[in-house]
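To start, the structure itself, in structure tokens.
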Amino acid sequence: MKEQHMSTSRVRETINLLFVCHGNICRSPTAEFVMKYKVVQANAAQFFHIESAATSSEELGNPIYPGARKALIKHKIPFDDGKRARRVVPEDYQRYDLIIVMDSENLWSLKRRAQVFAQDPEHKIARLLDFTAQPGDVDDPWYHNQFDRTLEEISHGCDALLERLITTHRLND
């Protein structure tokens, strides 16, 4: 059941977002906390529920990777130190309004997890940077160790996504 929020003009339902990457220790938790920060800055936090998950089971239970933590701290993005990696489950398709993957490989892996993801009947699944003017994949800092660059890519994608959601859901009314 979706939570509802009152505004002066109408009732709004919570927008549930799930960010997904391979291990849920670098990019997807970074996106989760960047987006949480951005919705607070936009005075729209009450309209959002934001989490993250992995397509694989390799990192289950592990905390945010140190390089990602350092980038979040450097950019003054608050995060939950207790965040632990979890794997996406088929039920997430119904729980979330949008499932946002970091790259094409994550998209492929997600679609192999369950039929509902493969079919995507409600068109809920997208890559984060596809919301920007320059669609593509968010680079995985696990391989290039440039966590600040990845955070900047994620921030750019979250800006575009938030702008679209505020406009689409008329959150400024």
Side-chain angles (χ1 to χ4, degrees), residues 1-5 11-36 38-39 44-45 47-65 68 79-80 82-143 150-151 153-171:
M1 182 172 174
K2 294 192 177 208
E3 189 176 329
Q4 296 183 340
H5 299 279
V11 175
R12 293 189 178 101
E13 292 185 350
T14 299
I15 301 165
N16 297 292
L17 305 178
L18 182 66
F19 291 98
V20 177
C21 71
H22 180 77
N24 192 217
I25 59 169
C26 295
R27 292 175 295 171
S28 60
T30 297
E32 173 186 344
F33 294 113
V34 165
M35 191 64 154
K36 285 179 176 179
K38 289 183 179 293
V39 299
F47 302 120
F48 289 89
H49 174 79
I50 304 164
E51 293 188 26
S52 62
T55 58
S56 79
S57 60
E58 294 170 30
E59 300 289 346
L60 291 182
N62 287 337
I64 299 171
Y65 190 74
F79 62 94
D80 177 1
K83 169 72 180 168
R84 296 291 181 260
R86 77 164 185 92
R87 192 171 190 190
V88 69
V89 295
E91 295 79 17
D92 286 332
Y93 193 83
Q94 291 309 315
R95 287 184 196 130
Y96 295 94
D97 300 304
L98 283 175
I99 300 170
I100 303 127
V101 299
M102 298 296 114
D103 63 29
S104 299
E105 185 178 318
N106 302 149
L107 182 61
W108 180 80
S109 296
L110 181 66
K111 289 185 175 202
R112 292 189 65 224
R113 283 282 296 138
Q115 185 175 0
V116 70
F117 296 128
Q119 293 175 344
D120 190 16
E122 297 177 44
H123 308 286
K124 294 181 174 188
I125 303 170
R127 292 182 307 173
L128 178 60
L129 295 183
D130 288 350
F131 293 96
T132 72
Q134 297 176 322
D137 293 341
V138 174
D139 288 334
D140 192 341
W142 182 263
Y143 300 105
T150 297
L151 189 144
E153 287 181 344
I154 288 169
S155 183
H156 178 64
C158 286
D159 284 338
L161 173 58
L162 182 57
E163 183 178 329
R164 172 147 335 148
L165 293 171
I166 285 173
T167 301
T168 303
H169 295 273
R170 299 176 59 183
L171 300 179

Minimum heavy-atom distance between D139 and P141, given as atom pair plus value: O-CD, 3.3 Å
Rounded distance [0.5 Å steps], CZ in R112 versus OG1 in T55: 10.5 Å
Within-4.5 Å side-chain heavy-atom neighbours: F19 and I154: no
From CA spacing to verdict: side-chain hydrogen bond (donor to acceptor under 3.5 Å, both in side chains), E51, Y96: CA-CA 9 Å; E51 293 188 26; Y96 295 94; 3.1 Å; yes
Results of side chain to side chain contact (heavy atoms under 4.5 Å, CB included) for Q115 - residues two or more places apart only: Q119
Stepwise side-chain contact (heavy atoms from CB on, under 4.5 Å) test for M35 and L162: CA-CA 8 Å; M35 191 64 154; L162 182 57; 3.9 Å; yes
Non-hydrogen side-chain atoms of L17 and L165 separated by less than 4.5 Å: yes
Non-neighbouring partners of E91 that pass side chain to side chain contact (heavy atoms under 4.5 Å, CB included), sequence neighbours left out: V89, R95
Exercise: identify the closest heavy-atom pair between P121 and V116: CD-O, 3.6 Å
Atom pair CD (E153) and OG1 (T132), whose distance is rounded to the nearest 0.5 Å: 9.5 Å
Salt-bridge present (R86, D92; N to O < 4.0 Å): yes
Donor-acceptor under 3.5 Å (E32 side chain, S52 main chain): yes
Any residue meeting ring-ring contact (aromatic ring centres under 6.0 Å, His included) with F79, in chain and number order, not counting sequence neighbours: none
Straight-line distance of S56 OG to E105 CD, nearest 0.5 Å: 9.5 Å
NZ on K124 to CZ on F117, rounded to 0.5 Å: 9.5 Å
For K83 against N24, the heavy-atom pair lying closest together: NZ-OD1, 3.6 Å
Any side-chain heavy-atom pair of I166 and F47 under 4.5 Å: no
Beyond-backbone contact of T30 with T150, side-chain heavy atoms, under 4.5 angstrom: no
Min side-chain heavy-atom separation K38-D159 under 4.5 Å: yes
Any donor-acceptor pair under 3.5 Å from D137 side chain to S104 backbone: yes
Residue that, paired with I125, satisfies side-chain contact (heavy atoms from CB on, under 4.5 Å) out of I99, I100, L98, V20: I99
CD/E122: more than 12 non-hydrogen atoms of other groups inside 6.0 Å: yes
D103 side chain near R127 side chain, heavy-atom distance below 4.5 Å: no
For H22 against R27, the heavy-atom pair lying closest together: N-NH2, 4.2 Å
Minimum-distance pair of heavy atoms, taken over all atoms of T14 and D97: O-OD2, 3.4 Å
Whether S155 side chain and L151 backbone form a donor-acceptor pair below 3.5 Å: no
For A54 against G23, the heavy-atom pair lying closest together: CB-C, 3.4 Å
Enclosure of R84 CZ (heavy-atom neighbours >12, cutoff 6.0 Å): yes
